[in-house]
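Some notes on the structure that comes next.
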Protein chains: 2
Amino acid sequence: MNPTMENCGFAAALKAIEGKWKVDILCELGRAARRFGRLRQSIPAISEKMLAQQLRELEADGLVDRTVYAEQPAKVVYSLTERGAALNVAAAALCRWGEAARRDAVRPPTAAADPVVA
Amino acid sequence: MNPTMENCGFAAALKAIEGKWKVDILCELGRAARRFGRLRQSIPAISEKMLAQQLRELEADGLVDRTVYAEQPAKVVYSLTERGAALNVAAAALCRWGEAARRDAVRPPTAAADPVVA
DNA sequence: CAGTATCCCTGTAGATACTG
DNA sequence: CAGTATCTACAGGGATACTG
């Protein structure tokens, strides 16, 4: 990303999930494999263009698998790869941090705050 | 972030580190507290404007402390808050994921890849 | 030293229309 | 159904100059 971050795998991870909708997509596919149309419904605000685009990138990064069924009309199913699933797992720690931060925001540090992570 | 992500603390975490230079800054401050000028040197490509701006946001999010010393010339020291330090810790899992992903990219999954996270 | 103010440029994403 | 194509808008960020 930047010279200072070259050595850090975090940059790579961040790069993979940058993009306005990737986390949503990853999150949704984390629940189950989904068809294109179903993803659109799950993420109402996204446009077809953006969904397609973000899916291409996730696929290129090896986070998502794209399976085409030769049917009429067309049927395409997206699912998480091993790597994509692992990303979701790795993200859990940050997720907990975010929730803790949210609680702190509501109830600001009473005196000297306890470490957010136990 | 988006309707679908409302319930996830991950969105909050991501929001806090979005911005082209925040990870660099967090990373640098993770090593030690730093003055404005020192941060600039550590992150050569960043402009004064961006450094100031990103620091303001990190401060507003409670990740960074700003300490002003009444000296001449001015002296300002930035350091991680507890919360900021906790974020760095929480990010470690993603960091490991990124490194694993990088290795996989170099040596693609031989047969059926082992789970990236042990 | 530690910033602010300004102007400009680019990329990212939204809207819309069309296709295999 | 599952996309692509095009055109536009806007915000994030870069360069530069100035200030307490």
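Side chains included, hydrogens not; waters and symmetry mates left out as well; all remaining heavy atoms used. So that the names make sense, note that chain A is the first sequence line, chain B the second, and so on, each numbered from 1.
- For B:Y78 and B:R34, the side-chain atoms include no donor-acceptor pair closer than 3.5 Å.
- Regarding B:L51, its CG atom lies at a distance of 18 Å from the P atom of D:dG12, rounded to whole Å.
- In this structure, B:K75 and B:V77 approach most closely via the heavy-atom pair CE-CG2, 4.0 Å.
- Judged by closest nucleotide on DNA chain D, A:A74 is the one of A:A74 and A:Q53 placed further toward the 5' end.
- For the pair A:K15 NZ and C:dT12 P, the interatomic distance rounds to 10 Å; values are reported in whole Å.
- Atom CG of residue B:L63 and atom CD1 of residue B:I17 lie 9.5 Å apart, to the nearest 0.5 angstrom.
- The minimum heavy-atom distance linking B:A90 with A:A93 is given by the pair O-CB, 3.5 Å.
- Nearest approach of B:E28 to B:L39, heavy atoms of both residues: CG-CD2, 3.7 Å.
- Remark: C:dG20 base-pairs with D:dC1; criterion is Watson-Crick or G-U wobble with both hydrogen-bond distances under 3.5 Å.
- Residue whose closest nucleotide on DNA chain C sits further toward the 5' end, between B:K49 and B:R38: B:R38.
- The CG atom of B:L39 sits 14 Å away from the P atom of C:dC1 (whole-angstrom rounding).
- When heavy atoms are screened at a 4.0 angstrom cut-off, B:Y78 is found touching the sugar-phosphate backbone but no base atom.
- Under 4.0 angstrom from either OP1 or OP2 of D:dC1 there lies no side-chain N or O belonging to A:R35.
- Side-chain proximity of A:F36 to the nucleotides D:dG3, C:dG3, D:dC1 is greatest for D:dG3.
- Rounded to an integer number of Å, the gap from A:E48 CD to D:dT6 C1' is 15 Å.
- Atom C1' of nucleotide C:dC7 and atom CE of B:M50 are separated by 16 Å, given to the nearest angstrom.
- Closest to the side chain of A:K20, from the set C:dG14, D:dG3, D:dG14, is C:dG14.
- Atom CD1 in B:I46 sits roughly 13 Å away from atom C1' in D:dG12 (whole-Å rounding).
- Counting non-hydrogen atoms under 4.0 angstrom, A:R40 reaches nothing in the nucleic acid.
- Distance B:R34 CZ to C:dA2 C1': 17 Å, rounded to the nearest Å.
- Within the structure, every side-chain polar atom (N or O) of A:R66 is placed at least 4.0 Å from both OP1 and OP2 of D:dA2.
- Closest to the side chain of B:A52, from the set C:dT4, C:dA2, D:dG14, is C:dT4.
- C:dA2 atom P lies 14 Å from atom CD1 of B:I43, rounded to whole Å.
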